[in-house]
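Note that the numbering runs from 1 along the sequence shown for the chain. No experiment lies behind these values; they were computed from the predicted model shown.
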Amino acid sequence: AMEGNWVINVLNEQYPDINWGVVQLPAGPGGEATMAFTVCYGVGANTENPEEAWQLVNFLTGAEGAQEVATAGFGVMPARESAGEAWIETYGEEMAPFVEGAEFAQPWKLPTGFQDFVGAFNEAIQQAFAGQLLPEDVLITSQEVGEEIQAREE
């Protein structure tokens with residue numbers, strides 16, 4: 001399975017007898033790659049105390065705040081490289097591939113129209129489970145919808 005670091009606590013707490021590990025994805029034709037998504041902070045337009053809110057965001061994304069977040073027990077991958085080692089020390093060596101992958105990670109973003117892909121994939125996979133489609137057909141259908149979405153983006 002391809003998952004983010006958030007799944008580790010679930011595995012440890014709910015499936016303690018499962019033997020699992022974390023490794024980098026194999027390099028493809030374009031080289032090494034993975035997706036990146038770390039913490040996200042924002043200040044709402046109607047915030048009553050915008051200055052204080054921005055001070056908090058700046059602290060949490062700064063070197064000192066990122067270090068504190070990395071070791072605070074939230075499990076969230078830090079937003080700064082400088083806090084990566086502390087995060088690994090806090091949560092274990094199995095987290096190292098997530099930190100190492102940041103070097104070649106791509107931002108996580110769903111394209112406009114992605115819901116069309118999800119709908120087509122879900123319908124096709126349900127048909128495969130019911131024995132009405134082969135797995136290859138699910139992939140072909142999904143690829144066709146994905147290519148249609150990509151063509152709309154261009």
Side-chain angles (χ1 to χ4, degrees), residues 1-126 128-129 135 138-139 141-143 145-147 149-150 153:
M2 291 184 293
E3 275 293 348
N5 60 284
W6 49 82
V7 77
I8 302 233
N9 283 341
V10 173
L11 291 172
N12 285 335
E13 292 172 10
Q14 296 183 15
Y15 304 97
D17 298 329
I18 289 181
N19 184 13
W20 58 271
V22 179
V23 297
Q24 295 291 342
L25 294 171
E32 293 181 299
T34 189
M35 291 187 294
F37 184 86
T38 185
V39 295
C40 179
Y41 303 107
V43 175
N46 297 326
T47 300
E48 288 184 30
N49 301 299
E51 280 186 39
E52 291 84 355
W54 279 113
Q55 286 176 354
L56 176 61
V57 169
N58 289 332
F59 172 76
L60 292 172
T61 58
E64 182 184 348
Q67 189 78 10
E68 285 190 32
V69 169
T71 60
F74 303 124
V76 177
M77 186 171 172
R80 289 191 167 260
E81 251 182 84
S82 61
E85 284 303 314
W87 188 64
I88 292 168
E89 288 174 20
T90 301
Y91 296 101
E93 282 299 317
E94 63 266 11
M95 297 302 201
F98 296 109
V99 172
E100 293 161 2
E103 180 181 330
F104 45 81
Q106 302 295 312
W108 187 84
K109 177 187 169 217
L110 297 176
T112 303
F114 187 72
Q115 189 57 42
D116 295 343
F117 174 82
V118 171
F121 176 80
N122 285 343
E123 183 178 327
I125 199 82
Q126 288 174 10
F129 289 149
V138 174
L139 294 174
T141 300
S142 300
Q143 181 172 351
V145 173
E147 288 172 355
I149 292 168
Q150 187 175 15
E153 288 280 308

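Between the Thr141 side chain and the Val138 main chain, no donor and acceptor come within less than 3.5 Å of each other.
Enclosure of atom CD in Gln143 is not indicated, since only 12 or fewer non-hydrogen atoms of other residues, nucleotides or ligands lie within 6.0 angstrom. Heavy-atom contacts from other residues, nucleotides or ligands closer than 6.0 Å to CD of Glu52 number more than 12.
Residues satisfying the side chain to side chain donor-acceptor pair (under 3.5 Å) test with Glu85, not counting sequence neighbours, are none. A search for side chain to side chain donor-acceptor pair (under 3.5 Å) contacts involving Glu3 returns Trp6, not counting sequence neighbours.
Annotation: the span from Asp116 atom CG to Phe121 atom CZ amounts to 15.0 Å, rounded to 0.5 Å. One distance of note links OG of Ser142 with CD of Glu123; it measures 10.5 Å at 0.5 Å rounding. The distance from atom CG of Asp17 to atom CG of Leu11, rounded to the nearest 0.5 Å, is 12.0 Å. Distance OH/Tyr41 to CG/Leu60: 4.5 Å, rounded to 0.5 Å. Between the CD atom of Glu32 and the CZ atom of Phe104 there is a distance of 4.0 Å, given to the nearest 0.5 Å. For the atom pair Trp20 CH2 and Tyr15 OH, the distance stands at 14.0 Å (nearest 0.5 Å).
Closest heavy-atom contact between Ala53 and Thr47: CB-CG2, 4.0 Å. Summarising the geometry of Val145 relative to Phe117, their closest heavy-atom pair is CG1-CA, 3.7 Å, with the distance given to 0.1 Å. Between Ile88 and Glu93, the closest heavy-atom pair is CG2-OE2, 3.5 Å. The minimum heavy-atom distance linking Ala70 with Ala83 is given by the pair CB-O, 3.7 Å. For Glu94 against Val22, the heavy-atom pair with the smallest separation is O-CB, 3.5 Å. In terms of heavy-atom proximity, Ala86 sits nearest to Gln67 at CB-NE2, 3.1 Å.
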Passes side chain to side chain contact (heavy atoms under 4.5 Å, CB included), Ile8 versus Tyr91? Steps please. CA-CA 9 Å; Ile8 302 233; Tyr91 296 101; over 6 Å; no
One pair to check against side chain to side chain contact (heavy atoms under 4.5 Å, CB included): Asn58 and Gln55. What are the steps and the verdict? CA-CA 5 Å; Asn58 289 332; Gln55 286 176 354; 5.8 Å; no
